[in-house]
Trainee: 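For reference, the structure I am asking about is given below.
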Amino acid sequence: MSKRVLVVDDSATVRQMVGTTLGQAGYEIVEAVDGADGLSKLSDDHDISMVICDINMPRMSGLEMMEQIAQSKTIRKVPVVMLTTEGQPALIQRARQAGAKGWIVKPFKPDLLLAAVNKLTA
Amino acid sequence: MENEKVLQDLLIECAGALFSDYNRPLTYTGTRSPESQNFVLSGVIGFAGRDMRGTLLLAMTGELLEELSPSTAFMRDWIAELSNQLLGRFKNQLLRYGTEIYGATPSVLRGELLTPLQPTCALAGHCFDSTRGRACVWLDTEIREGFALQEPSAAAVAEVEGSALFFD
């Protein structure tokens with residue numbers, strides 16, 4: 001059974017690009033359009049192995065989502081990697097303190113993203 | 001250091017790097033008269049910070065946008081995402097100059113002839129060309145009175161585009 005990866009980004013194009021990269025490697029993709037949608041899908045779908053999450057999104061940002069995941073007893077162990085245009089150390093530190101496992105600055109390199117997913121879902 | 005020139009030069013540098021990262025190096029051709037530009041979509045994104053606020057706009061002609069896009073299904077979304085990534089680079093570079101800005105969610109404008117201001121003005125658009133078309137970027141900023149950009153730090157302050165960090 002293929003592993004499921006939740007991709008949270010308000011850009012349909014980015015979701016598609018990530019989906020293509022991971023889909024070719026055998027992963028199944030679940031999409032969410034913002035942090036609130038992502039949190040809802042992660043809470044409902046217990047087969048999700050990992051989350052890839054943008055930062056700047058409407059309704060709920062990726063950092064807010066990350067911090068809510070960290071507070072949840074049921075989903076806090078699901079690894080999260082941030083995929084964003086942001087590169088400020090303060091934001092990276094905030095995500096790390098909330099439990100994020102990685103930070104990738106867009107545009108992503110497919111091999112790096114895939115390596116991260118392979119490692120974190122192993 | 002002239003704030004406006006630094007910002008415009010940074011924008012040109014960031015736009016060129018963005019296009020290169022998508023394997024579509026475009027030649028910077030300076031400013032052009034808007035009458036000759038048939039843009040189909042533009043991504044617009046506002047930003048604000050303690051020292052400055054403004055708007056960044058990225059416009060592209062149709063064929064070039066299609067060539068750059070991973071899918072023709074999401075052209076509006078793609079120009080918005082490209083403008084978002086361009087602002088991301090710009091803000092990451094600005095950290096080296098001692099100031100921080102925060103971006104809004106990008107929006108999209110449709111249109112063929114876009115005329116923010118004439119090329120004789122400092123707000124003129126910067127054009128990048130290939131045989132497949134043209135991309136143009138504008139930066140319209142209001143800078144806090146008395147503010148001056150610092151000399152840039154030699155080292156990058158932010159993580160660079162395409163990089164990945166993994167935590168224990």
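Predicted, not measured: the structure shown is a model, and the values here were computed from it.
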Trainee: Nearest 0.5 Å please: distance from the CG atom of B/N84 over to the NZ atom of A/K106.
Mentor: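 Separation between the atoms: 6.0 Å.
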Trainee: Roughly how far, to the nearest 0.5 Å, is the CD atom of A/Q88 from the OH atom of B/Y102?
Mentor: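 Between B/Y102 OH and A/Q88 CD, I get 7.0 Å after rounding to 0.5 Å.
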Trainee: Is it the case that atom CZ in B/R53 sees more than 12 heavy atoms from other parts of the structure closer than 6.0 Å?
Mentor: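 Check fails, neighbour count at 12 or below.
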Trainee: Would B/L87 and A/I55 show up in the same hydrophobic cluster when neighbours are defined by side-chain heavy atoms closer than 4.5 Å?
Mentor: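 As far as the 4.5 Å side-chain criterion goes, A/I55 and B/L87 are not connected within one cluster.
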Trainee: Could you tell me the separation between the OG1 atom of A/T84 and the CD atom of B/Q85, rounded to the nearest 0.5 Å?
Mentor: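 Interatomic distance, A/T84 OG1 to B/Q85 CD, rounded to 0.5 Å: 9.5 Å.
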Trainee: Taking every heavy-atom pair that is under 4.5 Å apart, which of A/T85, A/V105, A/V14 has the most such pairs with chain B?
Mentor: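 Winner by heavy-atom pair count: A/V105.
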Trainee: Which heavy atom of B/A158 sits nearest to which heavy atom of A/P89, and what is that distance?
Mentor: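 Minimum heavy-atom separation between B/A158 and A/P89: CA-CD, 4.4 Å.
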Trainee: For B/R144, does the CZ atom have more than 12 heavy-atom neighbours from other residues, nucleotides or ligands under 6.0 Å away?
Mentor: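 Check passes, neighbour count above 12.
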Trainee: Run the side-chain contact (heavy atoms from CB on, under 4.5 Å) test on B/T105 and A/D10 for me, step by step, so that the C-alpha distance in whole Å, both residues' side-chain angles and the decisive distance to 0.1 Å come before the verdict.
Mentor: CA-CA 9 Å; B/T105 303; A/D10 56 330; 4.2 Å; yes
Trainee: Going from CH2 on B/W78 to OG on A/S11, what distance comes out if it is rounded to the nearest 0.5 angstrom?
Mentor: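 If I round to the nearest 0.5 Å, the distance is 7.0 Å.
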Trainee: Once rounded to the nearest 0.5 Å, what's the spacing between atom CD of A/Q93 and atom CZ of B/F167?
Mentor: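 It is 8.0 Å, given to the nearest 0.5 Å.
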Trainee: Between B/V160, B/L95, B/D77, which shows the greatest number of heavy-atom pairs under 4.5 Å with chain A?
Mentor: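 Looking at each of B/V160, B/L95, B/D77 in turn, B/D77 comes out on top.
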Trainee: Give the cluster check for A/V18 versus A/L114: same hydrophobic cluster or not, with ILVMFWY residues linked at side-chain heavy-atom distances below 4.5 Å.
Mentor: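 Yes, it is one cluster - the side chains of A/V18 and A/L114 are joined through contacts under 4.5 Å.
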Trainee: If hydrophobic clusters are built by linking Ile, Leu, Val, Met, Phe, Trp and Tyr wherever their side-chain heavy atoms come under 4.5 Å apart, do A/I29 and A/I48 end up in the same one?
Mentor: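 Not linked; separate clusters.
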Trainee: Just wondering, do B/E81 and A/P107 contact through their side chains at under 4.5 Å, heavy atoms?
Mentor: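 A side-chain contact is absent here, since even the closest heavy-atom pair is not under 4.5 Å.
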Trainee: Quick check on the hydrophobic clustering: are A/V33 and A/V51 connected, directly or via other members, by side-chain heavy-atom contacts under 4.5 Å?
Mentor: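 No, A/V33 and A/V51 fall in different hydrophobic clusters.
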Trainee: Between A/G87 and B/N92, which heavy-atom pair has the shortest distance, and what is it?
Mentor: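 Taking every non-hydrogen atom into account, N-OD1, 3.2 Å.
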Trainee: Same hydrophobic cluster for A/L6 and A/L120, using side-chain heavy-atom links shorter than 4.5 Å among ILVMFWY?
Mentor: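 They do not share one cluster, since no chain of ILVMFWY contacts under 4.5 Å joins A/L6 to A/L120.
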Trainee: Side chain, backbone, both or neither: which part of A/Q16 has a non-hydrogen atom closer than 4.5 Å to chain B?
Mentor: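 For A/Q16, the side chain is the part near chain B, not the backbone.
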Trainee: Look up atom OG1 in A/T13 and atom CE in B/M75, then write down how far apart they are to the nearest 0.5 Å.
Mentor: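 Here the interatomic distance stands at 9.5 Å.
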